Structure formats: structure tokens, C-alpha cells
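This report concerns only the one structure given below.
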Amino acid sequence: VTPYPHPEETVTVSSPVLFVLHSPTTDHPAADPVRTDALAPILRVDDLGVTRGDGIFETINAVDGHPQALDAHLARFELSASMLELPAPAVETWRRAALAALDAHPHVPELLLKLVMTRGVEGGDRCTGWVVAFPNTDFSRQRTEGIDLVTLDRAYPADVMTAAPWLLQGAKTISYAMNMAALRYARACGADDAIFVSTEGVVLEGPNSTLVAKFGDRLVTPPTDLGILAGTSQARLFRWAQERGLSTSYERFKVDDLDGADTLWVCSSGRLAVPVRTLDGTPRTWDADLHAAALTHLRTARD
Ligand SMILES: Cc1ncc(COP(=O)(O)O)c(C=O)c1O
């Protein structure tokens with residue numbers, strides 16, 4: 001099993017920067033986020049985030065000091081909160097906390113800003129919220145050389161959102177133990193990452209990524225009504241592609257349909273877009289020039 005992160009992709013060691021939000025939601029009077037010692041204990045053992053994994057998060061990549069797709073991340077944070085029936089996040093306080101954490105951290109090429117809000121202490125009257133800033137893993141190797149991907153069965157039907165909304169598919173919850181288990185399983189299979197398929201074989205998303213397929217001058221990704229996250233990186237890639245005259249669409253497709261794709265990307269805020277080198281062991285090609293241009297855009301665009 002390949003250890004993770006890969007030895008050459010370990011995170012730079014430095015102290016994370018932490019801001020705690022004492023009024024993370026709109027149902028309490030606003031209060032400024034407070035910088036707090038990141039190594040000091042701030043979570044109670046009876047916080048429902050810890051005891052039940054009951055909460056939501058976002059991870060934003062700040063490239064060269066610019067937090068990418070900040071509005072889209074904050075909007076998805078609000079959507080996740082409503083899906084979990086949590087009080088509405090005080091979005092402007094979260095924005096301030098994220099920007100303050102970015103500002104307070106020493107400059108690094110890529111800084112991750114992680115926003116977490118839990119249902120709070122059991123029996124308490126408010127959510128727990130914090131923003132932590134820490135350097136991104138160096139993904140340059142994956143971004144240039146590509147990754148090996150395996151398909152894994154998510155064992156949910158394509159209509160999971162309406163058939164079983166309590167499974168919270170499509171919300172970005174902090175219950176990621178299953179996602180991490182899927183990544184370990186993929187690595188035990190000798191791959192770098194996984195892509196889930198529904199019980200019907202419909203392609204969904206990765207444990208922490210969105211799949212985008214290119215068929216000639218058309219980019220396609222699965223629709224969110226399959227119970228998957230609306231990827232902010234995929235959306236940025238789509239906007240860039242549209243500006244270049246490529247068409248984009250949200251469509252249901254099966255693994256076999258990917259045979260006709262000339263490029264497959266795995267997209268996420270941390271990795272931006274990485275090309276797929278093999279899918280279930282079968283070598284894949286990718287459009288190297290287009291990929292390089294897309295990557296440059298995803299790194300440099302201030303959207
Ligand atoms: C399940 C899942 N799907 C998709 C994504 C990609 O989203 P984004 O590009 O906004 O980071 C993530 C991000 O971590 C994720 O956890």
C-alpha cells in the first residue's frame with residue numbers, strides 16, 4: 001500500500017493559523033472571529049462534531065494569496081448547513097475569518113483554508129465554528145504526470161437524494177470516514193484515487209473530487225441530482241472551457257461511456273485538475289496542451 005501523502009508530497013511543516021468563531025450562525029449577535037493558539041485544545045469532548053461527525057466543512061485553496069472561488073465555497077457551506085438543518089452560517093463572519101487566517105499565515109504558494117462548523121456541544125445553544133489555515137500538499141507531480149484511478153461501488157442508487165435524503169448525499173459533511181476508507185481501498189489496489197459509481201453503474205464523484213471528461217470539444221461532468229457535490233474546481237474549469245469555445249454539460253454516463261473520452265480530469269480545490277493516467281488499469285491519454293493551459297488558468301485566475 002502506498003503511504004499517503006506520497007513521501008515526496010508531504011505537507012510543509014509549519015504552525016497552522018486558527019480563528020475561532022463565537023457566533024458562527026445568524027441566530028446569535030455577530031462577534032468577530034478570534035485568533036487562537038492552533039495547538040491549544042478548543043473542542044469539547046461532547047461536541048457533536050466529535051461524537052457524531054455532525055457538521056459541515058469547506059476547503060478553499062488560496063493560490064499566491066488569492067482564495068479561489070470563495071463565494072462558491074461559502075454558498076455551498078450554506079447549502080450544506082440547510083441540508084443538515086443547521087442554523088444558517090453567518091457568511092460574512094466566515095468570510096472575515098477566512099481572510100484573516102489567510103492574512104495571518106506566512107506566505108506559501110498554496111494555502112488551504114478549512115472552514116468547519118459543527119452542531120456544537122450536546123445540549124448547548126450554538127454551533128461550533130473555526131477556520132484553520134495550513135499549507136497545501138505539493139501536488140505538482142500528480143498535476144503533471146497524472147494519476148491512476150479505480151472505480152468503486154458507492155452502493156447507493158442514482159436517485160439516493162430523493163429516495164433517502166437522510167443519507168445527506170450532496171452535503172459536504174465532516175463524516176468523511178467512508179471517503180477516507182475508499183481512498184485507502186483504492187491505494188491498496190495500487191491506484192492513487194477512486195471514482196464512485198451508483199448501483200446502476202452511473203459515474204458519480206471521487207471521495208473528495210469531481211470527475212470531468214472531455215469528448216472532443218465537449219466537457220462533461222455528472223449532475224448534482226445524483227447526490228454529489230457541486231464542485232467549485234469543476235465549475236472553474238467549465239467557465240474557462242466556455243471562454244475557449246468548448247461546450248460544457250452535466251450528463252449521466254456509465255464507466256463504459258468514458259472509453260470515448262480523450263481526457264479525464266479529477267478536480268478538487270487542493271489538486272485543481274489532475275489528468276487520469278489509467279482507469280481501472282487501462283491506460284488513458286490526455287490532451288497535454290489543453291491540460292497545461294487549464295492548469296495555468298486554475299492556478300492564476302482570480303475567480
Ligand atoms: C465528495 C467531494 N466531491 C467533490 C469535491 C470537489 O469539490 P471542490 O472542487 O469544490 O473542492 C470534493 C472536495 O473536497 C468532495 O469532498
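The structure presented is a predicted model; accordingly, all values stated were derived computationally and were not measured. Order of listing sets the numbers, starting from 1, for every ligand and every atom in it.
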Salt bridge present between R252 and D225 (N-O < 4.0 angstrom)
yes
Ignoring hydrogens, just give me the one of A230, A72, A235, S209 whose non-hydrogen atom is nearest atom 5 (C) of ligand 1.
S209
Has the side chain of T263 got a donor or acceptor atom that lies under 3.5 Å from a matching backbone atom of W286?
no
Within a strict 4.5 Å, meaning less than it, do heavy atoms of the E110 and R299 side chains meet?
yes
Side chain of T118, backbone of G55: donor and acceptor closer than 3.5 Å?
no
Residue, atom and distance of the protein heavy atom nearest atom 15 (C) of ligand 1 read N208 CA, 3.4 Å
Polar contact flag for T59 and ligand 1 (N/O pairs, less than 3.5 Å):
no
Protein residue, atom and distance nearest to atom 6 (C) of ligand 1, heavy-atom basis
T210 OG1, 3.6 Å
Using distance alone, with no hydrogens and no angle criterion, decide if N208 and S268 have a side-chain donor and acceptor under 3.5 Å apart.
no
Give the residue and atom name of whichever protein heavy atom lies nearest to atom 10 (O) of ligand 1, and the separation in Å to one decimal.
T232 OG1, 2.6 Å
Logged contact type for P207 with ligand 1, heavy-atom cut-off 4.0 Å, is backbone
Any atoms of ligand 1 less than 4.0 Å from a non-hydrogen atom of Y176? List them with their elements.
1 (C), 2 (C), 15 (C), 16 (O)
Short N or O distance, S268 and ligand 1, threshold 3.5 Å exclusive
no
Just going by heavy-atom distances, which of L272, L298, L229 is nearest to atom 2 (C) of ligand 1?
L229
Hey, is E200 close enough to K254 for a salt bridge, meaning N to O under 4.0 Å?
no
Check whether any heavy atom of A69 sits under 4.0 Å from an atom of ligand 1.
no
Is the shortest distance from a Lys or Arg side-chain nitrogen in D71 or R95 to a carboxylate oxygen in the other one below 4.0 Å?
yes
Could you list which atoms of ligand 1 come closer than 4.0 Å to a heavy atom of G206?
1 (C)
Could you say whether the N/O atoms of S269 and ligand 1 ever approach to under 3.5 Å?
yes
Regarding ligand 1, does K172 bring an N or O atom to under 3.5 Å of one of the ligand's N or O atoms?
yes
Give a yes or no on whether a salt bridge exists between D193 and R271, defined as a side-chain N under 4.0 angstrom from a carboxylate O.
yes
Checking a contact table here: which protein heavy atom is nearest atom 9 (O) of ligand 1, and how many Å away?
S233 OG, 2.6 Å
Closest heavy-atom approach to atom 7 (O) of ligand 1 among E205, R76, H73 is made by R76
Do the side chains of K172 and E58 get close enough for a salt bridge, i.e. N-O under 4.0 angstrom?
no
Would a distance-only check, ignoring hydrogens and angles, find a side-chain to backbone donor-acceptor pair under 3.5 Å from R218 to S249?
no
